[in-house]
Amino acid sequence: MRDLYIKNTLTRKKELFKPLNAPLVGMYVCGPTVYGDAHLGHARPGIVFDVMRRYLSYSGYKVRFVRNITDVGHLVGDGDQGEDKIQKKAKLEKLEPMEVVQHYTLRYHQNMDALNCLPPSIEPCASGHITEQIQMIEKILQAGYAYEVNGSVYFDVPKYNTHHHYGKLSGRKIEDLLEQTRSLEGGDEKRHPTDFALWKKAAKEHLMHWPSPWSEGFPGWHLECSVMSTKYLGEHFDIHGGGMDLLFPHHECEIAQSVGASGKEPVKYWVHNNMITINGQKMGKSLGNFITLDELFEGNHKLLEQAYSPMTIRFFILGAHYSSTLDFSNEALLAAQKGFERLVNGYSVLQNLKASENSSVEIKPILDKCFAALDDDFNTPICIAELFGLVKIIQNASRNNAQLSLADLKLLKHNFDVILFEILGLELPKDSKDKSASNQDDLMQLIIELRKNAKENKDYATSDLIRDKLSELSIQLKDSRDGTTWEKT
RNA sequence: GGUCACGUGGCCGAGUGGUUAGGCAGUGGUCUGCAACACCAUCUACGGCGGUUCGAAUCCGUCCGUGACCUCCA
């Protein structure tokens, strides 16, 4: 196994990846709250953690990838007056809360599938782990890091902070937090502004509630991730991922809860993806400046000049390092689309390449660079840049401006496949994949033959007619020295 | 206000103490009956000002600008 380095948010350093129980790797990623369609921002963690997971698998690890579905408990608005997001949506649409959950979970799955993100090994939902959440609260209470008030249970942050460092992940100090935290509204049950709810007593009109030792209520915002990661990956596991916006308070609270309950540090490597921006500003639900994935796939949004395929989106996202912000624009997306086409083009040319006696170029060093890039904190943009270098060689070889030995050609074919499909998870456009499966190709060969005859007879009217009509049918003819090929556009 | 990032050529986006990132767009060529595709060549660069150094876009300081988190957010 090669050495893989991962930037750990906890230490702010790139660290050599050493799994706790090699070859097993436990990976937990925060999934969506299912109360609305997934947008471009959701695609990013979906894709970048998919590539991490794929690369770890490729590298020989046996990965258990857990990604939750949040279907309960996130409050809207400020303080206690807030409403459960899913409940709010349910009331709005006159649905059962679980209907909302089911609907958006399905749509999320469809989107992730379109983006060719592999499904998680386990996809637990919060509502299915109420018992476990109650058990964890009991543990935290026993440890003395929580207190009950009027049927609700809160995590005692100042007390926790006397034994541990609350704020170490996000680089905060509790004293600073105290100064900056918004002042509490009157009647708050919390003893300290930084305390957070583990269990909330449900108001009468609250639709989603469960029995507990403290009250009929529902679990707090951050608890599900601690509970479900512990249940499926253990009290101490390898990788926890999520968006940077979850760093504080969500992930900070997760650490506090887990340490509070078990005394053990839950996560070895914390990994955070950066945000997608639009006009330099974060794309987010609360800002209302988001574009849903369906809108992108269909080109159905006022900011979009055209539709962009899921693979264009995937390629676009992999073109930037996960830790950098990535700015959305039609121009950038179009560049990604064209770039991806170039890569696909290179791939299909590669399939028909003939081997020479010797190689005039070196393949292995470039492939090594691809893997070295991925080993360096999953640097997909550099990996892709090297791939373009290979495309140049492939194109040159097809024009006899470069030669590849049989061994090199085999090496290139195999690894181009591995990197493009297995690791980066890109897919060829459906049409070109199905091309050989039908008799379409035979028909096309006939048409190409007829056009060739016309050209030889200098009957350019006929040859251009064929070309133009095919073009209208979204079929592009590609003339080269060795004859004509075709592809769907 | 606190904490933390970032500022790269027309656009997107890597990288980093001395060597071409890459893609898209542009320009010139090759190919073509004309094109498209493809290929070759080529042009725009590291926010301002200081400092360290033989040498900085890369390190340090400072100023300016932008953003994120501090409230649910991927």
Side-chain angles (χ1 to χ4, degrees), chain A residues 12 29-33 35-36 38-49 70 73-79 82 84-85 167 170-173 175-177 179-182 194 221 241-250 272-277 280-287 290 315-316 319-321 323-343 345-346 349 369 373 376 379-389 391-392 395-396 398-399 401 455 458-460 463-464 467-468 471 476-481 484-487 489:
Chain A
R12 321 237 154 197
V29 175
C30 287
T33 303
Y35 68 108
H39 58 75
L40 188 55
H42 291 97
R44 194 165 196 192
I47 290 165
V48 301
F49 291 112
T70 297
H74 281 221
L75 297 183
V76 162
D78 288 329
D84 190 292
K85 276 176 179 171
S170 54
R172 283 154 216 257
K173 294 186 190 125
E175 303 85 53
D176 297 338
L177 283 169
E179 281 175 33
Q180 271 90 50
T181 306
R182 287 179 182 184
T194 56
W221 302 253
M244 275 184 81
D245 49 353
L246 297 177
L247 224 155
F248 188 90
H250 185 59
H272 290 91
N273 65 276
N274 214 318
M275 303 291 103
I276 287 183
T277 59
Q281 197 181 35
K282 174 185 162 183
M283 184 181 283
K285 275 198 171 128
S286 47
L287 292 164
F290 62 92
F315 189 74
F316 170 67
H321 191 254
S323 63
S324 304
T325 55
L326 173 59
D327 201 54
F328 161 88
S329 69
N330 276 285
E331 224 178 340
L333 239 31
L334 197 62
Q337 180 184 308
K338 294 259 182 76
F340 182 54
E341 277 167 15
R342 185 170 150 80
L343 211 52
N345 223 320
V349 170
K369 280 187 191 173
D376 185 13
N379 199 321
T380 52
I382 288 189
C383 180
I384 290 170
E386 296 300 337
L387 240 34
F388 279 113
V391 167
K392 187 166 269 189
Q395 294 291 3
N396 278 332
S398 80
R399 311 234 150 198
N401 291 328
K455 277 167 75 173
K458 296 206 191 298
D459 180 6
Y460 297 126
S463 67
D464 285 356
R467 185 176 65 194
D468 295 343
S471 174
Q476 187 191 38
L477 294 178
K478 295 182 172 187
D479 294 329
S480 76
R481 223 169 264 161
T484 301
T485 57
W486 67 280
E487 100 182 1
T489 53

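First the proteins, then the strands, lettered A, B, ... as listed; each starts at 1.
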Can A/F388 be classed as stacking with the base of B/G23, given a centroid separation cut-off of 5.5 Å and a plane angle cut-off of 30°? no

NA contact type, A/H39, heavy-atom cut-off 4.0 Å: base, sugar-phosphate, or nothing? base

For A/K338, which contact category applies under a 4.0 Å heavy-atom criterion: base, sugar-phosphate, or nothing? sugar-phosphate

Would you mind classifying the nucleic acid contact of A/L246 as base, sugar-phosphate or nothing, using non-hydrogen atoms under 4.0 angstrom? sugar-phosphate

Categorize A/N274 for me: base, sugar-phosphate, or nothing, with a 4.0 angstrom heavy-atom threshold over every strand shown. base

Within the 4.0 Å heavy-atom criterion, would you say A/I276 contacts the bases, only the backbone, or no part of the nucleic acid? base

Interatomic distance at C1', B/C46 relative to B/G15, whole Å: 11 Å

Both distances under 3.5 Å, Watson-Crick or G-U wobble: report the partner of B/G50, or none. B/C60

If pairing means Watson-Crick or G-U wobble with both distances under 3.5 Å, then the partner of B/A68 is B/U3

Check: A/D479 side chain, B/A35 base, donor-acceptor under 3.5 Å: yes

Please give the nucleotide sitting opposite B/C11 as a Watson-Crick or G-U wobble pair, both distances under 3.5 Å, or none. B/G23

Identify whether any heavy atom of A/D327 sits under 4.0 Å from a base atom; if not, whether one sits that close to sugar-phosphate; answer base, sugar-phosphate or nothing. sugar-phosphate

Ion pair present between A/R467 and A/D479, side-chain N to carboxylate O less than 4.0 angstrom? no

Relative to the 5' end of RNA chain B, which residue comes earlier, A/C30 or A/Q476, by the nucleotide with the nearest heavy atom? A/Q476

